[in-house]
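Order of the sequence lines fixes the chain letters, A, B, ..., with proteins taken first and strands second; residue numbering starts at 1 for each chain.
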Number of protein chains: 2
Amino acid sequence: MADGPGSQGHGGELLLYLTDEQLRQGIEAMFFAYRAFTADPDRILQGLHYGRAHHRAIHFINIAPGTTVNNLLSILGVTKQSLNRVLRTLIEDGLVESRVGRADKRERHLFLTEAGAALEHQLSEAQRARMRAAYRQAGPEAVAGFRRVLEAMMDPEMRRHYSGLREARG
Amino acid sequence: MADGPGSQGHGGELLLYLTDEQLRQGIEAMFFAYRAFTADPDRILQGLHYGRAHHRAIHFINIAPGTTVNNLLSILGVTKQSLNRVLRTLIEDGLVESRVGRADKRERHLFLTEAGAALEHQLSEAQRARMRAAYRQAGPEAVAGFRRVLEAMMDPEMRRHYSGLREARG
DNA sequence: AGTTTAAGTCAGCCTTGTTGACATTCCAAT
DNA sequence: ATTGGAATGTCAACAAGGCTGACTTAAACT
């Protein structure tokens, strides 16, 4: 075992929480928590011939109704071919509506239909329920720390798309 | 907009952090942070004809050297066919060693070779670097909260496999 | 008029998950 | 000793959802 900095004593909080072992536990916590976090929606989607990709599209169209395909592309970080495959089935099934842009007719603006909004709510409620339970169990201060670490972990590029910073911190 | 509990004012911390909007931001933070969290190892693995599945196998073999295939299966939550495909290439490439069990010769015990340990270190160091930076930026109290929320979010089933609780909290 | 941009489409490939069927090896119990 | 069950491995087929490359259409910009 390599003896990293801060491995002795327990008073040096500033160093202790940065040992490799602490970091490894954080990494593992992310792995198991994210797995649980996606399990509930996955369960709902399976059998509907939808997957996680459909969930992501629905989620961001719900947050930013009228978003263009290009914008969605940059948020999701996938190719247009990948997104298109997903979007096509959602439009065919009447969960998403694609409207030609008024100012720029090349653009398509995306909206959830009533059925789409209903599925969105079902999916997000499953996730909210788990998050709500975790928040209650951990308490408000833990939640603030949770958010702060996650935000610090994001790429600056991705942080642009993240609505948490813009709104609730104004 | 439905007006949930605690949606007015800003003093009611006890309720405010459980509004649907706060929960939604937590959900989104998980999405973007996890994306960033896996981006670095993914970048290393691409081109090596390895993927995230190889990373996961290597990670858990490193944590629990000598683990059996069945045990790994239950941690990773995939089918043996899926895992076997990944394991086979890792063994062929000399990153993982499979030793027949002494007590029970049906079992195979898995170990990282030197080359496997080297790749593991490279991958985990990339993740540790990001986590270290996020921890430094957020501070020790935030880290404790981060861990507490993630642990509360896990399924009890998964929590059994999570080493953070057993060791550091004795 | 020519170029660029937004969107969509077709074809093909890869990784990683799934089922189902089946072989092998070994332990344990009858 | 034979049989049943457990652990492992393997083959085949399939699906989701990423990817690249090539190409079209329509609209906008210059």
Side-chain angles (χ1 to χ4, degrees), chain A residues 31 34-35 38-39 41-61 66-93 96-111, chain B residues 31 34-35 38-39 41-61 66-93 96-111:
Chain A
F31 173 74
Y34 192 79
R35 163 97 78 63
T38 54
D42 282 359
R43 217 172 292 123
I44 294 169
L45 289 160
Q46 87 176 63
L48 282 163
H49 69 274
Y50 290 141
R52 215 174 279 182
H54 299 84
H55 183 189
R56 288 196 285 263
I58 287 174
H59 174 89
F60 285 106
I61 293 172
T67 186
T68 63
V69 173
N70 248 9
N71 185 39
L72 201 51
L73 238 38
S74 79
I75 292 173
L76 296 174
V78 296
T79 59
K80 65 175 175 176
Q81 293 93 328
S82 244
L83 177 58
N84 201 254
R85 179 166 37 194
V86 163
L87 231 37
R88 201 189 318 155
T89 68
L90 290 174
I91 292 169
E92 278 170 7
D93 296 351
V96 166
E97 197 192 333
S98 167
R99 295 186 207 152
V100 173
R102 276 183 311 172
D104 187 335
K105 290 177 191 168
R106 288 171 306 180
E107 295 181 339
R108 301 299 135 91
H109 298 278
L110 302 169
F111 300 87
Chain B
F31 173 75
Y34 193 78
R35 162 98 75 65
T38 54
D42 282 359
R43 216 172 293 121
I44 294 168
L45 289 160
Q46 85 175 63
L48 283 164
H49 69 274
Y50 289 142
R52 215 174 279 181
H54 299 84
H55 182 190
R56 290 197 283 263
I58 288 174
H59 173 90
F60 286 106
I61 294 172
T67 185
T68 63
V69 173
N70 247 11
N71 185 39
L72 202 50
L73 237 38
S74 79
I75 293 174
L76 296 175
V78 297
T79 58
K80 66 176 173 175
Q81 293 90 332
S82 237
L83 177 60
N84 199 255
R85 178 167 39 197
V86 162
L87 233 37
R88 199 189 320 150
T89 68
L90 290 174
I91 292 169
E92 278 170 6
D93 297 352
V96 167
E97 197 193 333
S98 168
R99 294 185 208 153
V100 173
R102 275 180 313 172
D104 186 337
K105 291 177 191 167
R106 289 168 302 179
E107 296 180 342
R108 302 298 135 93
H109 298 277
L110 303 169
F111 300 87

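- Listed candidates were D:dA28, C:dT18, D:dA7. Nearest to the side chain of B:Arg106 is D:dA7.
- The CG atom of A:Leu83 sits 15 Å away from the C1' atom of D:dA16 (whole-angstrom rounding).
- Position along DNA chain D of the nearest nucleotide to A:Ala53 versus A:Asp104 favours A:Ala53 as the more 5'-ward residue.
- A:Leu48 and A:Ile44 get closest at one heavy-atom pair: CD1-O, 3.3 Å.
- What separates CD of B:Glu92 from C1' of D:dT10 is a distance of 13 Å, to the nearest Å.
- Both A:Val69 and A:Arg85 lie near DNA chain C, and the one whose nearest nucleotide falls closer to the 5' end is A:Val69.
- The stretch residues 45-58 of chain B participates, sequence neighbours left out, in these salt bridge (charged side-chain N to carboxylate O under 4.0 Å, His left out) pairs: B:Asp42-B:Arg52.
- Looking at heavy-atom distances under 4.0 Å, B:Arg52 makes contact with sugar-phosphate atoms alone, never a base.
- At whole-Å resolution of the value, CG in B:Leu87 and C1' in D:dA7 are 14 Å apart.
- Residue B:His54 contributes atom NE2, which lies 14 Å from atom P of C:dC14 at whole-angstrom precision.
- Of the candidates D:dT8, D:dA27, C:dT9, the closest approach to any side-chain atom of A:Gln81 belongs to C:dT9.
- Side-chain atoms of B:Lys80 and base atoms of D:dT8 include a donor and an acceptor less than 3.5 Å apart.
- In this structure, B:Leu73 places its CG atom 14 Å from C1' of D:dA6, rounding to the nearest Å.
- Taking side-chain N and O atoms only, A:Asn84 has no distance below 4.0 Å to OP1 or OP2 of C:dA7.
- Atom CG in B:Asp42 sits about 19 Å away from atom P in C:dC14, given to the nearest Å.
- One finds a side-chain N or O of B:Asn70 lying less than 4.0 angstrom from the OP1 or OP2 phosphate oxygen of D:dT8.
- Atom-to-atom, CG of A:Leu48 to P of D:dA15 comes out at 17 Å; the value is rounded to the nearest Å.
- The aromatic rings of A:His54 and A:Tyr50 sit tilted relative to each other, their planes meeting at an angle between 30° and 60°.
- The side chain of A:Ser82 has D:dG18 as its nearest neighbour among C:dT16, D:dG18, C:dA6.
- Counting any heavy atom pair closer than 4.0 Å across all strands shown, A:Ala103 reaches sugar-phosphate atoms only and no base atom.
- With hydrogens and angles ignored, the 3.5 Å screen pairs a side-chain donor or acceptor of A:Arg35 with a backbone N or O of B:Leu76.
- Counting non-hydrogen atoms under 4.0 angstrom, A:His109 reaches nothing in the nucleic acid.
- The side-chain heavy atoms of B:His109 and B:Thr68, taken from C-beta on, include a pair separated by under 4.5 Å.
- At the heavy-atom level, A:Arg88 lies under 4.0 Å from the strands shown only through sugar-phosphate atoms.
- Between A:Gly51 and A:Arg108, the residue anchored closer to the 5' end of DNA chain D is A:Gly51, taking for each the nucleotide with the nearest heavy atom.
- With C:dT16, D:dA27, D:dG17 as the choices, the nucleotide that has an atom nearest any side-chain atom of B:Arg56 turns out to be C:dT16.
- Here C:dA7 is the nucleotide among D:dT8, C:dA7, C:dT15 with the atom lying nearest to any side-chain atom of A:Glu107.
- Taking each heavy atom of A:Leu45 and A:Gly51 in turn, the nearest pair found is CD1-O, 3.4 Å.
- In this structure, A:His55 places its NE2 atom 18 Å from P of D:dA16, rounding to the nearest Å.
- Between A:Thr79 and the phosphate of D:dC19, there is a side-chain N or O to OP1/OP2 separation shorter than 4.0 Å.
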